[in-house]
Amino acid sequence: MQRKIIHLDMDAFFAAVEQRDNPELQGKPVVVGGMPGSRGVVATASYEARIFGIRSAMPTTLAYKLCPDAIFVIPRFEAYKKASNQVFEILSRYSSEIETMSLDEAYLDVSEVSLEVGSATEIAKKIRAEIFNETGLTASAGVAPNKLIAKIASDFKKPDGLTVVPPERVSDFITEMSVRKIPGVGPVMEEKLLALRISKIKHIRELEPRDLIELFGKFGSYLSRASFGIDDREVSSSRERKSLGAEDTFTEDLRDIEDIKRELYVIAKRVSERLEKQKIQGKTLTLKITYSDFRKVTRSRTFDHELSTTDELFEQAFSLLLEHELFHQKIRLLGISISSFKSEKDPVKNHNQITQLSFPFPISP
Ligand code: TTP
Ligand code: MG
């Protein structure tokens, strides 16, 4: 089966969060990292700062020499973590097959989803729009038949770009690119390849895989396959989903039971649509309420069967509300979520770790 993969990567992530939160930084060269004069390095730089040649991992002192007018900012990891969580929550609306690579980067397998929700391209457009609307940050995305090409594609029109590479365009898309575009090929590997007169991806294709393997071992075999755009790694969900739900905060607090009923039905409908979209069902329903004084309550019930229809979700949520007499105060927020899923796909694959610079490929010798 032909896969449909989206790779998403936030633009100048840490710097973009800083610019969003401090209007004085907008449109200006911003460097996030250690302070100049210290022995710190650059975590990232805004695109305005990159014009001066400033890059991640460069000593901040050098960044200062390249652009003394740049604004240097100490990282605020809490803010980045929060934005990252928001972004991953948006992704989870579209697929349960999400592999997070770092705080700002993830792969989604939308092969199945795209059949119903629209094309993979359509999904990527929606995701980018939702990220921008809900976080004020931009993401670049690549849509392709595999992870390798999706990753190269997301980088192709950075920042704020979308690149779609259909299967029949894969080979042409990468052929003239520098070998450096292959994830895992850094400056050292590039030198080694240049010594063999290999500078572009198409040059790798001219070598026999067996010669590449002799030269570079496992990495040689990876290079050979990558040069043809071949990659059959699966998107392995970084985190098995524990619950799925929907909630609403109301512009005016709810008091009337008929209003509560109506809103609860709308929420139940959203939850059932999401369950349907993600093809999951669960036995535990949780009702969540925040009152006008911000006091929160949750009530759960586990059934002997999976719940999925709007009517059932609504009726069970509403009966929880009645039984526990949760309607005696003005309600600010209502939410319903479902957990205890039937098909926890592969609970063993639970690498919940989001590492800063995790790397999917064997590093060259
Ligand atoms: P990247 O996605 O590599 O970079 P970026 O998002 O800043 O810029 P773009 O994707 O548009 O090229 O890394 C994501 C964040 O990870 C980055 O904002 C800061 C952090 N980071 C480091 O702290 N050190 C590093 O060496 C790198 C590469 C990134
Ligand atoms: Mg990024």
Side-chain angles (χ1 to χ4, degrees), residues 6-22 25-36 38-63 66-67 70-88 90-91 98-108 124 127-128 131-132 135-142 147-148 150-163 177-178 180-188 238 353-361 363:
I6 299 175
H7 179 260
L8 199 109
D9 191 305
M10 303 297 293
D11 303 317
F13 187 48
F14 294 3
V17 172
E18 296 305 333
Q19 288 181 320
R20 177 195 67 182
D21 294 348
N22 181 355
L25 304 182
Q26 286 165 15
K28 298 198 182 135
V30 173
V31 178
V32 180
M35 283 291 145
S38 72
R39 283 180 302 162
V41 295
V42 174
T44 195
S46 67
Y47 277 81
E48 295 86 348
R50 292 184 197 191
I51 296 168
F52 298 90
I54 300 174
R55 295 287 180 272
S56 291
M58 170 183 283
T60 331
T61 314
L62 174 56
L66 291 170
C67 179
I71 303 165
F72 291 82
V73 181
I74 299 280
R76 291 182 302 135
F77 290 102
E78 283 307 307
Y80 314 143
K81 181 75 195 152
K82 190 175 164 210
S84 172
N85 286 342
Q86 271 179 290
V87 169
F88 293 151
I90 292 169
L91 301 187
I98 303 169
E99 184 175 349
T100 52
M101 305 306 295
S102 71
L103 281 182
D104 90 323
E105 180 189 347
Y107 292 98
L108 277 86
I127 289 175
R128 278 172 20 89
I131 291 176
F132 185 71
T135 70
L137 303 167
T138 62
S140 295
K147 287 166 82 171
L148 169 75
K151 181 163 171 91
I152 297 175
S154 76
D155 190 53
F156 194 62
K157 287 189 206 147
K158 245 181 186 300
D160 201 13
L162 170 65
T163 303
M177 286 183 181
S178 152
R180 280 296 289 276
K181 293 291 172 187
I182 300 177
V185 177
V188 176
S238 342
Q353 273 171 333
I354 295 178
T355 47
Q356 197 55 247
L357 291 168
S358 60
F359 195 69
F361 303 112
I363 311 282

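None of the values given here were measured: they were computed from a predicted structure. When a ligand or atom number is given, it counts from 1 through the structure's own listing order.
- Taking 2.8 Å as the threshold, Asp104 counts as a candidate ligand of the Mg ion (ligand 2), since one of its N, O or S atoms lies below it.
- The contact set between ligand 1 and Arg50, taken as ligand atoms under 4.0 Å from a residue heavy atom, comprises 5 (P), 7 (O), 8 (O), 9 (P), 11 (O), 12 (O).
- Using a cut-off of 2.8 Å, one finds that Asp9 contributes an N/O/S atom close to the Mg ion (ligand 2).
- For the pair Val42 and ligand 1, the shortest N or O to N or O distance does not fall below 3.5 Å.
- Not close to ligand 1: Arg55, with no non-hydrogen atom less than 4.0 angstrom away.
- A donor-acceptor contact closer than 3.5 angstrom links the side chains of Arg50 and Thr44.
- Between Tyr47 and Gln19 there is no side-chain heavy-atom pair separated by less than 4.5 Å.
- In this structure, Thr163 OG1 and Lys157 NZ are separated by 4.0 Å, a value rounded to the nearest 0.5 Å.
- Comparing Thr138, Asp104, Leu137 against atom 6 (O) of ligand 1, the shortest heavy-atom distance belongs to Asp104.
- For ligand 1 and Phe13, the ligand atoms under 4.0 Å from any heavy atom of the residue are 5 (P), 6 (O), 7 (O), 18 (O).
- Put simply, no part of Glu105 is less than 4.0 Å from ligand 1, judged by heavy atoms.
- What you find for Pro183 and Leu148 is that their closest heavy atoms are CD-CD1, 3.6 Å.
- Set against the non-hydrogen atoms of Ser56, the atoms of ligand 1 under 4.0 Å away are 25 (C), 26 (O), 27 (C), 28 (C).
- For Met101, no heavy-atom contact with ligand 1 is shorter than 4.0 Å.
- Using modelled atom types and a 3.5 Å distance limit, the side chains of Glu18 and Tyr80 yield a donor-acceptor pair.
- Of the polar atoms of Phe14, at least one N or O is found under 3.5 Å from an N or O of ligand 1, judged by distance alone.
- Heavy atoms only, all atoms of each residue included: Ile127 and Ile90 are closest at O-CG2, 4.4 Å.
- Among all heavy-atom pairs drawn from Gly40 and Thr60, the shortest one is O-OG1, 2.8 Å.
- Residue contact annotation: Tyr47 has a non-hydrogen atom under 4.0 Å from ligand 1.
- Against a heavy-atom cut-off of under 4.0 Å, Lys158 is close to the following atoms of ligand 1: 9 (P), 10 (O), 11 (O), 12 (O).
- Going from atom CZ of Phe88 over to atom OG1 of Thr100 covers 5.0 Å, rounded to the nearest 0.5 Å.
- A salt bridge links Asp9 and Lys158; the closest N-O separation between the charged side-chain nitrogens and carboxylate oxygens is under 4.0 Å.
- Heavy atoms of Ala12 come nearer than 4.0 angstrom to ligand 1 in at least one pair.
- Under 2.8 Å from the Mg ion (ligand 2) lies no N/O/S atom of Thr44, from backbone or side chain alike.
- Compare Ala45, Gly161, Ala43 by their heavy atoms: the one nearest to atom 25 (C) of ligand 1 is in Ala43.
- Nearest heavy-atom pair, Ala49 versus Val31, reported as atom, atom and distance to 0.1 Å: CB-CG2, 4.3 Å.
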